[in-house]
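Hydrogens, waters and symmetry mates play no part in the numbers below; they use all other heavy atoms, side chains included. So that the names make sense, note that chain A is the first sequence line, chain B the second, and so on, each numbered from 1.
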Amino acid sequence: MKTRQRMITFCFTFSFLFLFWVVFSGKFDLFHISLGVISCLLVSWITSDLLIVTHDVAKFSRLFIGFTLYIPWLLWQIVLSTIHMFPIIFSPDIHNKINPKIIKIKSRIRDHVGIVTFANSITLTPGTITVVANMYGDMVVHAIDDECAEALPGDMGEKVAKLFAE
Amino acid sequence: MSIETVLSIKPVLAVLVSLLAIPGIISSRSQNIREAWTFAAAGIKLLLVVSMLPIILDGKTINYTLVQVFPDVGISFRVDALGMLFALVASSLWIVTSLYSVGYMRSLDEHSQTRYFAFFAVAISATIGVAFSANLLTLYLFYEILSLATYPLVTHHQDKEARSSGRKYLLYILGGSVGLALPAMMITYHFTGTLDFAPHGVMAGHVNSGLALLLSMMFLFGFAKVGIMPMHSWLPAAMVAPTPVSALLHAVAVVKVGAFSVVRVMTGIIGTGVLADFNINGIICAIASITIVVASLIALSQDELKRRLAFSTIGQLSYIILGVALLSKSGMTGGILHIAMHAFGKITLFFCAGAIFCATGIKYISKMKGIGRRMPITMTAFLIGSLSVIGFPPCGGFISKWHLVLGTIESGRLIFLVVLLLSSFLNAAYFFPVFYNAFFCSADEVLFEDRVEEAPLWCVVPLVITASLSILLFFYPQPFLNLASLAVQTIMGI
Amino acid sequence: MKILGTITILLCGGLLIFFTSDFPDFGDPKSPASIHLSPYFIEHTLEDTAVPNIVTSVLADYRSYDTMFETTVILTAGLACFLLLRIPTKEVTRRYYLHEPTGVTLRFDGDRYPKGSNVFKRIDSNWVPYDIIINFTCRLLIHFIQIFALYVVAHGHYSPGGGFQGGVVIGASIILFAISSNLRASIKRLGEKAAAIFTATGVFIYAGTGALCMVIGEHFLNYSFLAPLLGTDRIMARSHGIFIVEIGVAVAVMAVMIWIYYNLSSAGKQDEGL
Amino acid sequence: MDNLIFYSAIVLSMLMAIPLYRAVVGPTVLDRFMGVNSIGTETTVLLIMIGFMYKRVDMFIDIALAYALLNFIAVLAASRYFHKRKGLTEEME
Amino acid sequence: MTFFDGDSSLISNLPAIVVTLPLFASLIAGFLGWKNRKAPYPIAAVALFLTFISSVVLMIQVMSTGVAIEYRMAGWAAPVGIVYVIDHLSALVILLITSIAFVNFIANKSNIDTVFRNKAGAFNSLYLLFTAGLLGMTATGDAFNLYVLMEIASLSGYALIGLGSNRAPLSTLNYLFLGTIGATFYLLGVGYIYIATGSLNMADIASIMPKILDSSMILFAFIICMVGLLIKMAIFPLHGWLPNAYSESANVAAGLIAPLTTKVTIYIMIRICLTLFTPQYTFDYLNTSDLMVWLAIGTIIFGSLSALAQKDYKRMLTYIIIAEVGYMVGGFFLGNRIGVSGAILHIVNDAAMTLALFMAAGIFMWKTGEESQESLKGMFAKMPFTMAGFTVAALSVVGVPPTCGFFSKWYLISGGIAAGQYFFVAALIFSSLVNAILFFRIFEIAHFEPFKDHHHHSSNHSNKGEEASAHDTHEQTIKEAPLGMLIPFMAVSILLVVLGLYSGQIVNNIINFAIPSSIL
Amino acid sequence: MILPIDLIVLLLVIISAFAAITVKDLLSASLMLGAYSFLLCLLWTVMGAVDVAFTEATVGAGVSTVFCVAAIFHTTRRTKD
Amino acid sequence: MIIYIAGVLIIAGLFFFLVGSIGMIRLPDFYSRLHSAGIIDTMGLLLSMSGLALLILNEFNLGNFLSAIKIILIIVFIFLTSPTATHAIVDAGIRAGLKPWEKKQ
Amino acid sequence: MDIVSLIAAKANYWTYVILLMVGLYAMVAKNNLVKKIVGMVIFQTAVILFYVSIGYKKGGTLPIIMHGHDHGHGVDSFIKAADYINPLPHVLMLTAIVVGVATLGVALALAIKVYQEYGTLEEDEIRKQIELKG
């Protein structure tokens with residue numbers, strides 16, 4: 001079981017890296033492809049234990065699809081919150097417009113990857129920044145004004161939680 | 001006149017033989033073996049030197065070049081009459097001095113005797129090297145080696161006094177040679193392109209009068225061992241050394257090397273022609289005369305026997321310079337001969353001083369009252385030595401002085417005749433108190449108890465030898481006289 | 001000192017600026033620098049070495065000897081940092097351990113630390129709690145950085161980059177690992193000894209290739225003599241030779257960057273650091 | 001289109017002065033971190049624009065990529081300093 | 001000489017082997033140092049010996065053929081690739097470097113073991129790299145390659161120096177700053193040359209040179225290169241880094257670095273002026289002589305006077321090194337054949353002298369554990385052989401015949417007189433006198449003061465009476481340095497005399513060919 | 001065509017260089033050095049020296065800043081000038 | 001057509017760069033400035049980079065396609081690293097004891 | 001020559017001088033050792049700027065042969081030197097950068113050693129300590 005897991009991880013890492021290699025390289029002659037194989041073997045041999053996302057292929061594919069759906073939504077959120085930042089930045093009375101505060105939020109995500117995803121999503125959307133995140137889902141967030149603060153965890157938390165639900 | 005040259009390695013061997021003895025001296029376990037090495041080396045050296053004598057007396061010279069270091073200049077050796085004379089004096093007196101050293105050092109139980117004998121050997125090598133050098137570079141080389149090798153000898157006692165004297169010694173000797181003689185040599189090389197000693201000098205035609213004068217003065221004062229005033233004050237200071245060393249310094253090696261070097265440079269590099277043409281010899285004579293008179297006067301006022309002898313030496317050395325600078329045949333002969341004659345006389349005096357110190361521990365003339373009764377042999381030898389130095393007939397010193405006086409007359413500079421006579425008178429004046437104290441004081445003034453006896457045999461025998469040699473040289477001066485006249489012939493081209 | 005420095009600098013600077021007036025204009029295609037030697041490289045790189053990136057071909061072939069010593073400079077720096085900083089202390093007076101099940105931090109003095117225990121985990125004395133975001137992101141990135149770096153090494157012939165840049169990026173990836181988790185974990189993966197040996201190996205690959213050329217043929221580093229070994233013609237042999245030495249450079253540079261970082265960040269103790 | 005890229009590049013390089021201002025002026029060290037980080041991002045874009053101006057974008061992308069990655073490492077290392085050394089100001093006069 | 005006539009591959013590759021052999025050995029030593037602490041030393045020693053042998057062969061080869069050997073790195077001819085040019089001058093300096101590195105390494109075995117312990121492997125590696133760097137600097141015919149190798153030598157030098165006393169890191173850091181400024185200025189100068197000529201090969205540049213003599217860029221390139229090199233060789237106003245760095249370093253490092261660094265830099269200066277800028281430009285067109293000779297005079301006077309003020313033995317040596325730099329720079333810029341010969345000869349002689357002095361310092365340090373001159377009390381009685389060697393070295397620095405220092409000084413002074421630079425001559429003589437004072441001060445201390453045992457201070461404290469009479473009975477209690485240190489040291493001091501006696505041959509057979517015939 | 005960008009970047013480079021040596025905090029200085037390296041890298045690409053730019057990006061921006069920070073971590077941030 | 005879209009995207013990206021930069025100057029404290037620096041890292045980068053990627057694809061071939069993917073990869077990487085870096089900086093600020101600016105009531 | 005073209009022609013060289021002097025000033029006049037090291041880095045990069053400026057050619061493209069990817073070693077007769085930027089300074093500067101980072105590493109190591117010895121990086125304070133120790 002252990003070796004099989006390791007094999008899966010290895011193969012997964014390898015194929016993923018090889019994809020990258022092909023994109024980087026853009027050369028398809030034997031010499032460069034074999035170089036690519038060697039390089040990818042090397043890297044995945046050295047660091048395969050670092051990229052353990054999951055050993056479960058089914059879960060992985062579900063995650064993959066979830067992510068592809070989540071990212072456009074995240075981008076849209078980014079656009080929205082950026083637009084939200086506009087009036088703040090351009091207002092002549094900027095000190096009244098903002099009301100920075102540090103809030104604590106709790107999400108029901110327990111998965112590491114999920115927490116990181118959520119925390120980074122929070123940071124990526126202008127207006128909110130993750131200050132501290134721990135592995136139990138507790139987070140400290142700095143928000144620029146009340147509106148940003150109230151929007152958390154909100155939809156984003158839900159979506160990420162659903163993505164990483166057991 | 002063409003000089004026939006012979007190629008031989010003998011001069012190099014003569015120089016090296018005492019150096020080669022050093023490992024033996026250092027590694028010897030007992031005193032006797034060590035001194036055996038010394039004597040063996042001394043004997044072989046004397047034999048080597050003497051074996052070359054016939055060739056030189058034939059009018060030939062011996063040449064040998066060791067290495068070539070600059071274009072046209074190398075470490076090379078040449079034996080001619082002048083060098084032979086000096087080498088003969090040095091190598092013969094080395095044996096005597098060694099003999100004396102053994103007695104002196106053992107009886108006083110001095111420390112570091114091994115070092116003493118080793119450096120003694122180096123010093124004598126360097127002396128022979130100076131005598132046999134064929135060019136100025138080689139001469140300078142051995143001159144420096146001699147300066148450095150005598151430093152540990154001068155500072156043998158390693159006390160405070162030795163330290164300051166050693167400092168003074170090096171300051172004058174090295175300062176003179178590095179600061180004056182070396183640049184003079186370089187300038188000479190630059191203008192003439194050679195440093196070889198030529199019979200008539202190499203400067204003729206290359207230098208003007210100002211430069212010639214400058215170089216002469218630089219050489220004269222640069223070879224500070226000759227003790228020309230004002231470069232003389234190292235000599236009295238160096239009296240802190242053990243007496244054999246003083247003997248070596250003042251009679252055989254150091255000061256004579258200075259005088260020899262100056263003579264060599266004046267004749268072989270600057271050349272008599274140049275000296276005469278630009279009237280430099282007059283200036284040199286004047287300086288030498290001043291030194292003679294002043295040194296004799298100072299000697300009068302010294303109470304310490306060795307210091308008095310030291311000032312005497314300063315004066316006597318200037319005789320040599322004066323004689324050669326007169327540029328007359330007799331004067332030059334006298335000057336060169338004085339190298340030998342003064343050596344034998346002065347070494348006797350120093351031996352005596354050492355013997356007195358050995359036997360009684362006394363250094364001051366004023367305390368020597370009545371010593372002649374206790375140490376008759378020594379004091380007789382002292383008498384002979386001082387007569388020789390004063391220039392009194394039954395001694396060798398007379399011959400050289402006679403030639404000097406003739407030389408002053410020959411050259412027509414009678415003022416120097418006056419100087420010579422005055423200084424002889426002064427010489428007598430400063431030696432007289434010693435005899436008086438030694439022999440002629442009344443019985444109640446005698447400061448010595450009965451148990452004071454002659455110094456040990458090892459000390460007495462050498463001084464007897466040198467004293468008798470001093471007398472012998474009056475009757476049989478031929479070897480030195482011949483060599484001196486041969487040298488003068490070469491130099492003057494007669 | 002300041003005033004003196006200012007005056008000197010103003011004088012020197014004025015002089016240097018004044019002399020710039022005689023320089024060829026910036027970008028002048030007719031300047032001597034552009035017409036004397038460099039046209040040869042530009043026009044012959046393909047026929048001599050079959051490497052389109054002229055910088056690579058000049059670096060690793062025409063002036064390969066420079067580059068060998070460039071790598072040696074790096075080796076020297078690594079050795080120098082090691083020699084200067086490394087404190088070979090076996091005994092650590094004070095260690096901190098985290099008892100993982102409870103999260104209690106314990107301090108052990110001297111030799112009394114729990115050897116071979118599973119529940120205790122060694123932590124730094126100025127320990128920061130496990131930061132999940134940084135840690136995870138860095139773990140994710142390290143692969144891509146490394147594969148990117150290897151790509152850079154492998155494609156030095158065709159695009160900018162090459163052994164040196166690739167090597168630095170690999171080194172940076174391991175430095176990133178050391179920063180994001182901690183130094184000891186990184187040392188456990190690639191220790192000081194390995195770094196040193198990799199460095200020597202890297203330079204050895206370079207210099208050894210040169211020596212091999214010398215043994216087979218005539219000139220040091222003349223790769224065309226490697227043709228029989230590589231089974232190609234002389235021009236491709238040069239191209240492959242360049243590749244081999246680029247690998248050597250990459251290995252050496254990677255290892256040295258890590259080595260220097262280890263020594264600097266732990267001030268020579270190789271125990272805990274940035 | 002070349003002109004667009006050209007003028008955008010000029011504008012972007014001018015815009016970089018603002019993060020640089022933040023980086024130079026501070027007032028705290030962390031502001032400088034932020035400024036440097038932003039400079040890095042803008043430079044990445046600018047690099048690719050220069051690639052367009054040379055008409056050889058493929059050569060510049062690698063640099064931009066390396067740049068983006070290493071910028072991150074530098075900023076991370078610098079902020080790790082504060083994770084381990086307490087105090088923004090106490091070490092300073 | 002049939003050995004060299006054949007087209008043997010080994011012989012024809014010697015120029016590359018001389019430089020790469022230490023490099024390979026350093027890799028192997030560094031590699032094996034992790035396995036076994038004792039392994040690197042013999043490897044390094046053997047490698048240095050082989051390098052020495054090959055440099056001797058190279059020297060013989062150059063002398064027998066009489067033409068410069070050109071070695072093409074990577075097979076590319078001169079302006080395109082990098083070439084090594086071994087002519088008489090560089091062969092001489094290569095021989096010097098290898099011999100000094102070898103002797104110093106052999107002499108300091110016990111030092112290396114005790115001082116560096118666990119880091120012996122790294123130390124040996126750096127030692128070899130330093131040697132390789134210097135050798136490469138000497139052999140190369142490419143202006144930029146020189147910079148790279150210079151940096152190798154400097155970096156390894158910093159590491160070697162920095163591991164000295166507690167103060168060493170600070171002085172090394174200053175050295176590093178100054179060294180970097182120097183090297184960077186040199187690099188900048190190469191850039192100016194490149195912008196004016198478009199080439200990096202020295203011979204190629206020299207062939208372009210006549211066309212662009214009056215270009216201001218070349219003038220500036222010359223100035224900048226010179227400034228850079230002068231910083232690196234520690235000439236008077238720019239000397240600040242040297243004394244601290246050398247005196248506070250470990251003895252084994254100082255024994256390698258002090259004799260070689262400044263000398264090789266001076267060699268580089270000579271090489272740049274003669275081969276790159278051509279004598280025509282340096283001496284005739286620019287007429288730099290006066291300025292540089294005055295700079296040299298300043299250096300000599302300053303170095304000598306500062307040396308006089310030092311109490312510490314090694315510090316005194318460092319100031320003497322500075323003064324000697326003045327000798328060589330001044331001698332070279334006299335611009336006549338004698339002066340240049342003197343400068344080149346003095347490179348050899350001064351390196352040997354400095355090596356001997358620093359080896360002596362190492363032995364004293366080994367014995368007494370102190371560096372002040374006071375610690376040398378009674379050394380003549382304690383260790384006569386060492387002191388004999390030391391005396392020879394000291395006399396050589398003073399310039400007493402027949403030691404080698406005298407002969408190079410002779411050439412320098414002759415050159416000074418021939419060029420009419422009488423102040424230079426005066427400065428040389430002044431410095432000789434000061435050196436004499438310096439060393440006789442030490443001799444006095446070593447000769448007159450009774451020995452004080454620093455190692456066993458407590459045990460000797462009880463019986464002071466014995467100590468007072470120590471010099472009476474010294475002949476029984478001679479304690480020399482260990483033979484491993486003493487024998488190389490004695491060899492070097494004998495070499496000083498031999499070099500002196502054979503300086504005529506060296507000048508006639510080697511240096512004469514090294515100076516271009518346009519210098520009269 | 002490339003010149004205006006060149007000039008602007010040159011200006012920025014000078015500013016950051018001045019900032020790096022005047023700022024009164026070593027950590028800031030090393031960060032400014034990093035920014036300086038970034039801008040130089042930009043400058044090299046502007047002048048078409050892609051390989052140099054790549055090296056500068058990896059070394060100057062990445063590794064040497066980390067080295068500086070590591071060294072400051074073990075020494076001090078304090079500086080009087 | 002693609003060209004124009006790309007042009008618009010690039011200009012929009014520049015605009016967001018400007019906005020973020022202005023925010024960096026105007027906002028009162030470090031933490032709030034980070035929010036506006038976030039705009040540079042996200043919107044500015046996203047828009048301008050995708051504009052540039054589109055511009056490459058204007059002349060379609062395999063090499064250009066891969067280049068476009070690489071540009072997208074840059075975006076991905078920066079979207080990964082930028083929040084992490086921001087988080088690290090904020091964390092550093094909190095640990096260093098830098099007090100957030102608060103509105104005076 | 002009007003002012004604009006003068007600036008265009010020489011600005012790079014002026015900048016290099018300014019950077020060189022900034023670095024030199026920091027190395028000579030600054031009191032803090034790390035500041036000096038920073039100055040050293042600036043000093044070295046100034047020279048790199050100089051070299052790279054030498055290499056630039058108006059109208060030249062990157063020193064990577066265009067379309068050289070596809071034909072391995074087919075000889076391209078149409079490669080013209082004027083089309084490509086001079087690669088030689090770039091090569092040299094790669095080496096210089098490497099030397100720079102190597103020097104930086106050693107310098108920082110030494111700075112750490114100095115700090116361990118004296119507890120400060122300010123030169124005047126260190127000097128004071130040395131004087132106190134005698």
Interface residue of largest heavy-atom contact number with chain C, from E/A159, E/G30, E/A74, E/G162, under 4.5 Å
E/A74

Please name the pair of heavy atoms, one in C/S186 and one in C/I174, separated by the smallest distance, quoted to 0.1 Å.
OG-CG2, 3.8 Å

Contacting moiety of E/M73, where chain C heavy atoms sit under 4.5 Å:
both

Contact part of E/T197 toward chain C, heavy-atom cut-off under 4.5 Å: side chain, backbone, both or neither?
backbone

Chain E contact via C/L16 - side chain, backbone, both or neither, heavy atoms under 4.5 Å
both

Taking side chain as everything from C-beta outward and backbone as N, CA, C, O, which of these in E/I223 sits under 4.5 Å from a heavy atom of chain C? Side chain, backbone, both or neither.
neither

Answer with yes or no whether the side chains of C/T45 and C/S57 bring together a donor and an acceptor at under 3.5 Å.
yes

Classify the ring geometry between C/F82 and C/W259 as parallel (under 30°), tilted (30 to 60°) or perpendicular (over 60°).
tilted

Any side-chain donor-acceptor pair under 3.5 Å between E/D142 and E/T140?
no

E/F123 versus chain C, the contacting section by heavy-atom distance below 4.5 Å
both

Around atom CZ of C/F198, are there more than 12 heavy atoms from other residues, nucleotides or ligands closer than 6.0 Å?
no

E/Y175 and E/Y158 aromatic ring geometry - parallel, tilted or perpendicular at 30°/60° bounds:
perpendicular

Is it the case that E/W76 and C/D48 place a side-chain donor and acceptor less than 3.5 Å from each other?
no

Contact winner vs chain C - E/I28, E/N145, E/I212, E/L23, heavy-atom pairs under 4.5 Å
E/N145

E/A16 portion near chain C, given a 4.5 angstrom heavy-atom threshold
side chain

Comparing E/S154, E/G121, E/S215, E/S199 against chain C, the one with the most heavy-atom pairs below 4.5 Å turns out to be E/S199

Over 12 non-hydrogen atoms of neighbours within 6.0 angstrom of CZ in E/F31:
no

E/W34 versus chain C, the contacting section by heavy-atom distance below 4.5 Å:
both

Check each atom of E/D204 against the heavy atoms of chain C and say whether the ones under 4.5 Å are side chain, backbone, both or neither.
side chain

Who wins among E/S156, E/G136, E/S26, E/S216 for the most heavy-atom pairs under 4.5 Å with chain C?
E/S216

Select one option (side chain, backbone, both, neither) describing which atoms of C/F23 are under 4.5 Å from chain E's heavy atoms.
both

Engaged part of E/L129 at the chain C interface, taking heavy atoms whose separation is under 4.5 Å
side chain

Which of C/L83, C/D22, C/L221 touches chain E most, by non-hydrogen pairs under 4.5 Å:
C/L83

Measuring heavy-atom distances to chain C, does E/Y192 have an atom under 4.5 Å in its side chain, in its backbone, in both, or in neither?
side chain

At a 4.5 Å cut-off on heavy atoms, which part of C/S31 comes close to chain E: side chain, backbone, both, or neither?
neither

Would you check, one step at a time, whether the test side chain to side chain contact (heavy atoms under 4.5 Å, CB included) holds for C/T199 with C/F204?
CA-CA 8 Å; C/T199 314; C/F204 196 83; over 6 Å; no

Interface moiety of E/I195 toward chain C, non-hydrogen atoms closer than 4.5 Å:
both

Greatest number of heavy atom pairs closer than 4.5 Å to chain E - which of C/E70, C/K193, C/H44, C/M68
C/K193

In terms of heavy-atom proximity below 4.5 Å to chain C, should E/I224 be classed as side chain, backbone, both, or neither?
side chain

Show your reasoning for whether side chain to side chain contact (heavy atoms under 4.5 Å, CB included) applies to C/Y261 and C/L183.
CA-CA 10 Å; C/Y261 175 76; C/L183 193 63; 3.9 Å; yes

If you count heavy-atom pairs under 4.5 Å with chain E, which of C/A77, C/C213, C/S21, C/P24 comes out on top?
C/P24

Which portion of C/Y40 sits near chain E, non-hydrogen atoms under 4.5 angstrom
side chain

Steps toward ring pair (Phe, Tyr, Trp, His ring centres under 6.0 Å) verdict (E/Y147, E/F144)
CA-CA 5 Å; E/Y147 166 75; E/F144 185 79; 5.7 Å; yes

Taking every non-hydrogen pair under 4.5 Å, which of E/L160, E/L155, E/L126, E/T20 racks up the most with chain C?
E/L126

Under 3.5 Å, is there a donor-acceptor pair linking the side chains of E/N13 and E/Y71?
yes

Steps toward side chain to side chain donor-acceptor pair (under 3.5 Å) verdict (E/R72, C/N222)
CA-CA 9 Å; E/R72 298 170 177 180; C/N222 191 345; over 6 Å; no

With C/R63, which of C/D66, C/D61, C/T67 fulfils side-chain hydrogen bond (donor to acceptor under 3.5 Å, both in side chains)?
C/D66

Would you mind reporting whether C/E192 and C/I258 have side-chain heavy atoms less than 4.5 Å apart?
no

In terms of heavy-atom proximity below 4.5 Å to chain C, should E/F220 be classed as side chain, backbone, both, or neither?
side chain

Need one label for E/L149: side chain, backbone, both or neither, based on atoms under 4.5 Å from any heavy atom in chain C.
side chain

